[in-house]
Student: 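Could you have a look at this structure, given as structure tokens, before my questions?
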Amino acid sequence: MEYNFRDIEKKWQQRWVENKTYQVVEDKNKPKYYVLNMFPYPSGAGLHVGHPLGYIASDIYARFKRLQGYNVLNPMGYDAYGLPAEQYAIQTGQHPEKTTFQNIDRYREQLDKIGFCFDWDREVRTCDPVYYKWTQWAFQKMFNSFFCLKEQKALPIEELIHHFETKGSRDDDGGPIKVACTEELHFSAEEWNSWDEKKKSDVLMNYRIAFMGETMVNWCAGLGTVLANDEVVDGVSVRGGFPVEQKKMRQWCLRVSAYAQRLLDGLDTIQWSDSIKETQKNWIGRSEGTEVEFKIADSDESFTIFTTRADTMFGVTFMVLAPESELVAKVTTPEQKAAVDEYIKYVKGRTERERMIDHKVTGVFSGSYAINPFTGDKNPIWISEYVLAGYGTGAIMAVPAHDSRDYAFAKHFGLPIIPLIEGADVSEESYDAKEGIVCNSPKADLSSSQQEGATSFSLNGLTVKEAIAATKKYVTETGIGRVKVNYRLRDAIFSRQRYWGEPFPVYYKKGIPTMIPEECLPIELPEVDKFQPTETGEPPLGNAKVWAWDEVNKKIVENSKIDNETVFPIELYTMPGFAGSSAYYLRYMDPHNNQALVSKEADEYWQNVDLYVGGSEHATGHLIYSRFWNKFLFDIGISCKEEPFQKLINQGMIQGRSNFVYRIKDTNTFVSFDKKGQYEVTPIHVDVNIVNADILDVEAFKAWRPEYATAEFILNDEGKYMCGWAVEKMSKSMFNVVNPDMIVEKFGADTLRLYEMFLGPVEQSKPWDTNGIDGCHRFLKKLWKFMTNEEGTINVSGNAPSKAELKALHTLIKKETADIESFSYNTTIAAFMVCLNELTKLNCDSREVKEALTVLLAPFCPHLAEEFWHLLGHTTSVCDAAWPVLNEDYLKEDSVKMMVAFNGKARFPLEFPANVTKEEAEKTALADPQAKKWMEGFTVVKVIVVPGKMINVVLKK
RNA sequence: GCGCUUGUGGCGGAAUUGGUAGACGCGCCAGACUUAGGAUCUGGUAUCUCCGAUGUGCAGGUUCGAGUCCUGUCAGGCGCACCA
């Protein structure tokens with residue numbers, strides 16, 4: 001009987017549903033293992049063969065762990081909020097929920113065909129009120145928290161309020177309070193207590209973890225909303241490609257920056273790839289440096305700069321402020337005012353994009369000078385766009401000799417350059433390396449630099465590293481400055497002016513943002529009749545006529561004994577895409593819980609994700625936000641683990657392999673790839689589904705599009721039309737999309753699963769090429785033939801397995817057990833093929849061997865494995881079988897083969913008994929007649945014996 | 001510019017701690033069975049001047065021995081990018 005994959009797969013997929021084979025419940029008697037895929041955004045295009053790659057890889061791992069006796073959680077859900085559905089809604093008036101649900105159904109249908117072991121009872125959808133209740137809840141918790149820098153954790157805002165009431169903004173040591181804030185504020189307890197509600201609320205916003213701030217945002221008029229930095233590439237939106245401009249707006253933000261150090265430290269505790277860790281480190285951008293205070297000459301004002309090169313204090317020749325800096329107005333002298341204003345105007349007219357692309361040297365002198373606290377020198381203060389307001393203090397000390405940007409500026413404006421490192425030649429370019437011996441600090445010529453305010457402090461003779469340390473110590477002791485750590489990581493903007501997202505659980509009471517009581521959550525997304533902004537320019541939620549909020553408002557009004565007619569305005573912004581995807585992994589642990597995001601028991605049982613699989617493109621988005629979100633939940637005692645994803649595997653992208661036909665210019669004649677050289681041709685993408693092994697199906701091509709119906713062809717000498725090909729992104733427009741449904745239909749899900757894994761390492765990007773799939777399909781057909789007889793029943797005898805059979809089997813057990821653990825699936829499959837070949841040659845009909853083989857097959861080809869298991873007489877699922885135990889004894893050889901090599905060059909093998917000693921092997925090898933031939937005319941210097949591998953004889957003339 | 005990462009046959013890709021480079025599959029070649037083959041089976045398949053020599057992007061180095069370790073360099077991919 002033939003391998004009938006269609007019937008087999010259909011049958012088992014049904015039975016898995018009927019028997020709830022993949023339903024998982026907490027079981028304290030078993031160790032847990034949590035496997036998770038990044039949940040997909042269900043796009044209208046459906047799945048192509050690239051999408052399931054990660055799901056298959058994790059499915060294999062999940063099944064493997066289950067067979068090893070773990071209680072495996074492997075859930076799936078949908079990241080349902082997204083711009084495409086909303087854009088579609090704006091264009092067609094179709095509710096985004098409707099398209100989203102349609103897409104979800106389509107995804108589910110496609111996923112089901114591939115035979116995953118997802119526990120669908122735990123499915124979550126971010127747009128489901130039952131789910132986003134907890135997104136809103138978490139936001140409220142963040143609103144009601146601040147970040148204590150001393151304890152490095154989130155604490156209830158009440159503690160901060162209490163501190164303000166009693167001590168103001170001063171810490172116990174008299175300095176400013178050590179909490180994460182937008183800007184440092186100074187006030188006394190009396191001042192605090194005298195303020196009204198509105199003022200207090202405004203001040204607290206400076207400290208809350210979820211806060212409202214005025215920020216420069218990436219405003220995308222085309223989409224009518226703000227975008228996160230990672231949603232903007234080259235000045236246009238990733239979705240839609242609309243232009244993006246900078247605009248100051250009132251926005252909800254999350255104080256992600258408060259967690260910068262913990263986000264950095266946490267990387268050492270998780271098993272992620274170096275490249276992702278590096279990307280995150282880069283993104284967090286920690287830099288250790290020194291803040292130094294510079295007095296403004298002839299003024300009481302001073303300002304602080306940040307530098308990582310404290311050793312270059314003696315090389316400062318000018319100062320630079322960011323054009324946006326508040327100091328600009330203070331330092332600009334009346335004489336320079338016109339020039340400065342003009343410059344500021346120029347900078348404002350430049351878009352972020354222009355500033356990013358061309359690094360023009362521009363700037364203007366402010367008219368003021370700053371006094372270098374080390375030398376007493378007066379340094380001119382300049383204003384230039386190359387200094388960024390958002391980093392450090394927005395002001396720098398310029399050391400042109402040792403910083404290339406300062407150098408370019410100094411050269412352009414004719415400012416002095418003082419080299420500070422022995423032997424550094426700065427006549428052509430700056431010497432930026434942090435290496436060498438410091439000199440000129442201070443200058444040897446004391447008399448000229450011995451002016452008022454100069455120190456006797458010297459760095460001369462020290463290495464750069466030593467000089468930095470010495471300067472840090474000095475500025476700290478003298479109070480000129482302090483050691484400071486800066487981070488590049490910025491706070492996340494958390495609001496969008498869109499419809500299709502989570503509404504904020506916030507209303508405005510006399511202009512004060514106020515949290516809706518927890519028991520009234522969730523605030524459901526209201527119906528609207530159009531999805532665009534309102535006529536008055538409010539976000540689309542302003543179109544809502546009926547709100548769930550109305551009821552809540554009534555309750556609040558009743559409880560607070562104010563005029564029953566009062567209607568408080570509700571927040572009309574919605575949350576961004578990353579809101580719902582930041583803690584979804586916790587929800588899978590306990591998806592139906594209506595009392596908590598996750599119960600203590602479920603959280604303590606499942607802990608965190610052991611294996612997370614998804615694309616590396618989320619490195620600076622989702623993977624930072626969810627780590628931040630989870631750390632916050634850890635701080636407030638919801639999650640018992642600080643890091644959400646212990647091990648991360650980034651599956652590579654599956655690229656498309658496009659095919660081309662070549663049309664001869666101005667004709668409807670197409671020439672085969674191998675003959676196109678003789679003509680002037682235009683390559684045209686052709687649907688890969690009508691091409692097989694680069695040979696075009698000419699008739700199908702004619703039928704493909706009306707304009708090709710009359711096409712003529714110049715075929716090659718074999719009478720075939722050969723197509724050209726290229727590796728490109730898999731996309732509809734390139735006609736290279738391969739649909740998994742089609743592969744499943746033609747070869748079966750088990751073949752698809754096998755082939756996707758056989759293609760190469762999971763983490764590597766590679767082009768999809770359907771041509772190779774035959775090999776995997778053939779393997780399954782051979783396996784079917786090996787396992788069953790003509791009648792389609794299993795072919796076994798009661799015979800005990802032979803030694804050779806056991807050896808073949810246990811070689812596979814050893815290889816597969818180790819390889820799955822390291823996600824080396826392609827080599828496992830190769831080993832399986834070798835093993836099958838071996839057993840087929842041996843005519844193996846042992847039940848023991850076939851049972852073990854079935855279990856070994858189960859992670860990769862669950863349908864076929866179930867069928868074999870069933871045919872072997874089992875009534876339970878193969879998922880509940882036990883992973884075969886390796887017996888190394890079967891792998892032992894009676895004899896060992898060693899390669900005899902001369903001067904490292906392998907020549908011939910020799911066979912020895914398994915227990916041969918080094919000395920015996922050496923003696924035998926040297927006495928061998930073949931060896932004698934090789935050694936003629938040489939003397940033996942020494943012999944190196946690597947047991948079981950080789951005997952290397954070192955020869956000399 | 002900085003950081004990470006990858007370079008192995010016609011192709012996808014294998015190679016524990018340095019120890020017979022090219023497993024396994026595709027493709028190709030030959031043969032068998034066939035009315036037929038885009039079915040199935042068997043064998044072969046790195047290169048060359050084919051005894052033998054040369055081969056893992058390139059150039060060096062360490063070693064008895066290097067795809068693997070070290071130094072430099074080139075090329076592709078990804079991330080960040082005026083971050084002081």
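Chain A is the first sequence line, chain B the second, and so forth, proteins listed ahead of strands; every chain is numbered from 1.
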Student: Under the rule syn = chi within 90° of 0, otherwise anti, which is B:rC50?
Tutor: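 Syn, angle within 90° of zero.
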Student: Which nucleotide in the set B:rC41, B:rU5, B:rU54 lies at the smallest distance from any side-chain heavy atom of A:Asp274?
Tutor: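 The nucleotide sitting nearest to the side chain is B:rU5.
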Student: From C-beta outward on A:Arg907, which listed nucleotide comes closest to its side chain: B:rC82, B:rA84, B:rA53?
Tutor: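 When the side chain of A:Arg907 is considered, B:rA53 is the closest of B:rC82, B:rA84, B:rA53.
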Student: Using atom P in both nucleotides, what's the gap between B:rA15 and B:rC24 to the nearest angstrom?
Tutor: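 13 Å, rounded to whole Å.
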Student: On RNA chain B, nearest-nucleotide positions of A:Lys785 versus A:Glu278: which is more 5'?
Tutor: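 Result: A:Glu278.
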Student: Could you write out RNA chain B as a dot-bracket string, with dots for unpaired bases, | for bases paired across to another strand, and Watson-Crick or G-U pairs counted at under 3.5 Å?
Tutor: (((((((..(((......[....)))((((((.......))))))(((...)))..(((((..]....))))))))))))....
Student: What is the ring orientation for A:Tyr3 with A:His777, classed by angle as parallel under 30°, tilted 30 to 60°, or perpendicular over 60°?
Tutor: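 Because their plane-to-plane angle lies in the 30° to 60° range, the rings of A:Tyr3 and A:His777 count as tilted.
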Student: Indicate yes or no for a side-chain donor-acceptor contact from A:Thr751 to the backbone of A:Phe747 under 3.5 Å, with no hydrogens or angles considered.
Tutor: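 Pair found, side chain donor or acceptor close to backbone of A:Phe747.
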Student: Dump the pairs, protein N or O against N or O of nucleotides 29-33 of chain B, anything under 3.5 Å, distances to one decimal.
Tutor:
none

Student: Name the nucleic acid region contacted by A:Lys281, choosing base, sugar-phosphate or nothing; use a 4.0 angstrom heavy-atom cut-off, strictly under.
Tutor: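 Nothing, no nucleic acid heavy atom in range.
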Student: Will you find, in the side chains of A:Arg907 and A:Gln930, an N or O donor that is under 3.5 Å from an N or O acceptor?
Tutor: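 Looking only at side-chain atoms, A:Gln930 and A:Arg907 do not form any donor-acceptor pair under 3.5 Å.
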Student: Heavy-atom nearest nucleotide on RNA chain B for A:Gly772 versus A:Gly392: which residue maps closer to 5'?
Tutor: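 So the residue in question is A:Gly772.
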Student: With the side chain of A:Thr279 defined as its heavy atoms from C-beta on, choose the nearest nucleotide among B:rG79, B:rG3, B:rA84.
Tutor: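 Comparing B:rG79, B:rG3, B:rA84 against the side chain of A:Thr279, the answer is B:rG79.
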Student: Using atom C1' of each nucleotide, how far apart are B:rG76 and B:rU71 to the nearest Å?
Tutor: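 About 22 Å, rounded to a whole number of Å.
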Student: For A:Arg309 and B:rA84, give me the distance from atom CZ to atom C1', rounded to whole Å.
Tutor: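 Interatomic distance, CZ of A:Arg309 to C1' of B:rA84: 11 Å.
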Student: Just the rounded figure in Å: distance from P of B:rA84 to CE of A:Met313.
Tutor: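 Result: 17 Å.
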Student: Could you list the residues that satisfy side-chain contact (heavy atoms from CB on, under 4.5 Å) with A:Glu821, not counting sequence neighbours?
Tutor: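 With sequence neighbours excluded, A:Glu821 shows a side-chain contact (heavy atoms from CB on, under 4.5 Å) to A:Tyr61, A:Phe64, A:Lys65, A:Gln68, given in chain and number order.
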Student: Look at the side chain of A:Tyr343 and the backbone N and O of A:Glu385, then say whether any donor-acceptor pair between them is shorter than 3.5 Å.
Tutor: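 Yes: the side chain of A:Tyr343 pairs with the backbone of A:Glu385.
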Student: For B:rU5 versus B:rC11, give the span between their C1' atoms, rounded off to a whole number of Å.
Tutor: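 Looking at atom C1' only, B:rU5 and B:rC11 are 23 Å apart.
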Student: Would you confirm whether A:Ser384, through its side chain, and A:Thr362, through its main-chain N or O, come within 3.5 Å as a donor-acceptor pair?
Tutor: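 A pair under 3.5 Å: yes.
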Student: Check for a donor-acceptor pair, side chain of A:Asn379 on one end and backbone N or O of A:Met319 on the other, with a separation under 3.5 Å.
Tutor: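 The answer is no, because no donor-acceptor pair under 3.5 Å joins these two groups.
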Student: Quick one: sort the A:His622 and A:His618 rings into parallel, tilted or perpendicular, breaks at 30° and 60°.
Tutor: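 Judged by the thresholds at 30° and 60°, the geometry between A:His622 and A:His618 is perpendicular.
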Student: Would you check if there is a donor-acceptor pair between the side chains of A:Thr304 and A:Glu291 at a distance under 3.5 Å?
Tutor: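 Result is no, nothing qualifies.
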Student: Report which part of the nucleic acid A:Lys360 touches: base, sugar-phosphate, or nothing (heavy-atom distance under 4.0 Å, all strands).
Tutor: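 It contacts nothing in the nucleic acid.
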Student: From C-beta outward on A:Asn771, which listed nucleotide comes closest to its side chain: B:rA84, B:rC26, B:rG79?
Tutor: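 Selected nucleotide (nearest to the side chain): B:rC26.
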Student: Pick the P atom in B:rU68 and in B:rU17, then give their distance to the nearest Å.
Tutor: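 So the two P atoms sit 14 Å from each other.
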Student: Whole-Å distance between B:rC4 P and A:Leu267 CG?
Tutor: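 Interatomic distance, CG of A:Leu267 to P of B:rC4: 15 Å.
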Student: In whole angstroms, how far is the C1' atom of B:rG79 from the CZ atom of A:Arg488?
Tutor: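 The answer, rounded to whole Å, is 10 Å.
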Student: Once the angle between the rings of A:Phe314 and A:Phe374 is folded into 0 to 90°, is it parallel (under 30°), tilted (30 to 60°) or perpendicular (over 60°)?
Tutor: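 Perpendicular: the ring planes of A:Phe314 and A:Phe374 meet at over 60°.
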Student: Taking the C1' atom in each of B:rG12 and B:rU20, what is the distance between them to the nearest angstrom?
Tutor: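 So the two C1' atoms sit 24 Å from each other.
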Student: Could you work out the separation of B:rG61 and B:rU16 based on their P atoms and round it to a whole Å?
Tutor: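 Taking atom P in both B:rG61 and B:rU16, they lie 26 Å apart.
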Student: Starting at CZ of A:Phe779 and ending at P of B:rC26, how long is that distance when rounded to a whole Å?
Tutor: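 Going from CZ in A:Phe779 over to P in B:rC26 covers 12 Å.
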Student: If anything within 90° of 0 is syn and all else is anti, what is B:rG25?
Tutor: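 Base orientation: anti.
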Student: Please determine if a side-chain N or O atom of A:Arg778 lies less than 4.0 Å away from the OP1 or OP2 oxygen of B:rC26.
Tutor: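 Indeed, a polar side-chain atom of A:Arg778 lies that close.
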Student: Can you give me every donor-acceptor pair (side chain of residues 812-819 of chain A, partner residue at least two apart or in another chain, under 3.5 Å) with its distance?
Tutor:
unit_1   : atom_1 : unit_2   : atom_2 : d
A:Lys815 : NZ     : A:Asp819 : OD2    : 3.2
A:Thr817 : OG1    : A:Ile813 : O      : 2.5
A:Thr817 : OG1    : A:Trp883 : NE1    : 3.0
A:Asp819 : OD2    : A:Thr827 : OG1    : 2.7

Student: Which letter, B, S or -, goes with each nucleotide of nucleotides 11-23 of chain B from 5' to 3', with contact meaning a protein heavy atom under 4.0 Å?
Tutor: -BSSS-B-BB--B
Student: Could you tell me how far B:rC69 sits from B:rG1 if I compare only their C1' atoms? Round to whole Å.
Tutor: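 That atom pair is separated by 29 Å.
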Student: With a 4.0 Å cut-off on heavy atoms, is A:Val387 in touch with a base, just the backbone sugar-phosphate, or nothing at all?
Tutor: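 Counting heavy atoms under 4.0 Å across all strands, the contact made by A:Val387 includes a base.
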Student: Nearest whole angstrom, please: distance from the P of B:rC80 to the CG of A:Leu623.
Tutor: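 A:Leu623 atom CG is separated from B:rC80 atom P by 13 Å.
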Student: Using the C1' atoms only, state how far B:rG79 lies from B:rC29, rounded to an integer number of Å.
Tutor: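 Their C1' atoms lie roughly 46 Å apart.
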Student: Looking at B:rG25, I'd like to know if its phosphate oxygens (OP1 or OP2) sit under 4.0 Å from a side-chain N or O belonging to A:Tyr755.
Tutor: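 No, no such contact exists.
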Student: Going by the rule side-chain contact (heavy atoms from CB on, under 4.5 Å), which residues pair with A:Glu922 if we only count those two or more places apart in sequence or in a different chain?
Tutor: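 Residues passing side-chain contact (heavy atoms from CB on, under 4.5 Å) with A:Glu922: A:Leu926, A:Val943, A:Val945.
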Student: Give the rounded distance in Å between these two atoms: CH2 of A:Trp283 and P of B:rC4.
Tutor: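 From A:Trp283 CH2 to B:rC4 P: 19 Å.
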Student: Run the salt bridge (charged side-chain N to carboxylate O under 4.0 Å, His left out) test on A:Arg6 and A:Glu745 for me, step by step, so that the C-alpha distance in whole Å, both residues' side-chain angles and the decisive distance to 0.1 Å come before the verdict.
Tutor: CA-CA 8 Å; A:Arg6 284 192 193 90; A:Glu745 178 54 33; 3.3 Å; yes
Student: Quickly work out the A:Lys905 NZ to B:rU63 P distance and round it to whole Å.
Tutor: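 That distance rounds to 19 Å.
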Student: Specify whether A:Phe823 and A:Tyr825 have parallel, tilted or perpendicular ring planes, treating 30° as the upper limit for parallel and 60° as the lower limit for perpendicular.
Tutor: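 The rings of A:Phe823 and A:Tyr825 stand perpendicular, inter-plane angle above 60°.
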